[in-house]
Amino acid sequence: MGTTYAIANQKGGVGKTTTAVNVAACIAEAGYPTLLVDIDPQANATVGLGLAKDLEPSIYDVISGDATAEEALRPSDVDGLTVLPASPHLAGANMELPRIAGSENRLRDALEPIKDRFEFILLDCPPSLGPLTVNALVAADRVIVPVQTEYFALEGLAGLLDTLALIQRELNPRLTIAGMLLTMHDSRTRLARDVEREVREHFPSLVFDTVIPRNVRIGEAPSYGRPVIHHDPLCAGADAYFELAKEVAARA
Ligand code: ADP
Ligand code: MG
């Protein structure tokens, strides 16, 4: 049976999508059948893997019950990596889901029939703790929390951990934290080094050993619709995501 990871943090721009896309690509290239589910209405993961953001059916149709997950799967250019794309319609789900009793289980139930086909399923969450992220956390076994090594990094983390504990208690007892991931790290700055130390001190044993550096190639890869390991396999960013994928797989 595969393992499902939600990539979550209510802050935007911390590297959730970049991590979802690149960990998924590295794990798939290592030979594990992998599914990336894009549940952010911005559809950045979908576009970052070279797919259009108006494909139908999308995860919106799946969550609405108008299509099965099976029907919405799309192959990607990465061997072994399948995508369940997002669409801008998904923004509507944030309004619709809270009105439907039991709607927090929708994603979990929709993925159930296809789960066994994949070793790893990654869920790229939107930058909020709204109904879509709750759906992801109910469907997930583990959470990866990307944390940008900048001044406000710790702010909001306590709230996120409270939310995770609440979901674990009320909705999904399986849920555990796979780890916090330091992203966009610039080891030349004292601030980044201080933040790294502080996060590791605050959350001992919860932070991945691998740190993702700030790397131009990581930033430009999505504009070519590909993960960094295809864009520039030898750059420091590709190295780091490979290392992280190994760490994730070893802990699965
Ligand atoms: P989120 O999904 O949390 O909103 P993204 O993954 O979209 O964050 O990252 C925000 C921006 O930072 C994007 O433009 C992305 O390409 C860029 N980015 C992410 N990680 C890195 C990195 N390690 N080095 C350079 N740019 C990065
Ligand atoms: Mg994102």
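Whatever order the structure lists them in is the order used to number ligands and atoms, beginning at 1. Being a predicted model, the structure only gives us computed values, none of them experimental.
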Going by atom types only, do Y241 and T210 share a side-chain donor-acceptor pair under 3.5 Å?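 Their side chains do not contain a donor-acceptor pair, so the 3.5 Å distance test is not met.
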For T17 and D124, does a side-chain donor sit closer than 3.5 Å to a side-chain acceptor?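 Their side chains do contain a donor-acceptor pair, which is all the 3.5 Å distance test asks for.
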Is the Mg ion (ligand 2) less than 2.8 Å from at least one N/O/S atom of T17?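 Yes, since at least one N, O or S atom of T17 sits under 2.8 Å from the Mg ion (ligand 2).
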Under the salt bridge (Lys or Arg N to Asp or Glu O under 4.0 Å) rule, what do R108 and E112 come out as? Steps first, then yes or no, please. CA-CA 6 Å; R108 184 195 66 194; E112 199 54 46; 5.6 Å; no
Mind checking what residues have non-hydrogen atoms under 4.0 angstrom from ligand 1?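 These residues qualify: G12, G13, V14, G15, K16, T17, T18, M184, I212, P213, R214, N215, I218, G219.
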For Y32, check ring pair (Phe, Tyr, Trp, His ring centres under 6.0 Å) against everything at least two apart and list the hits.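 Once residues adjacent in sequence are excluded, the partners of Y32 under the ring pair (Phe, Tyr, Trp, His ring centres under 6.0 Å) criterion are F120.
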Separation between NE2 of H185 and CD1 of I212, rounded to the nearest 0.5 Å: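 Here the interatomic distance stands at 11.0 Å.
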Might you work through the salt bridge (Lys or Arg N to Asp or Glu O under 4.0 Å) test for D186 and R214, ending with a clear yes or no? CA-CA 6 Å; D186 185 348; R214 182 170 284 286; 5.7 Å; no
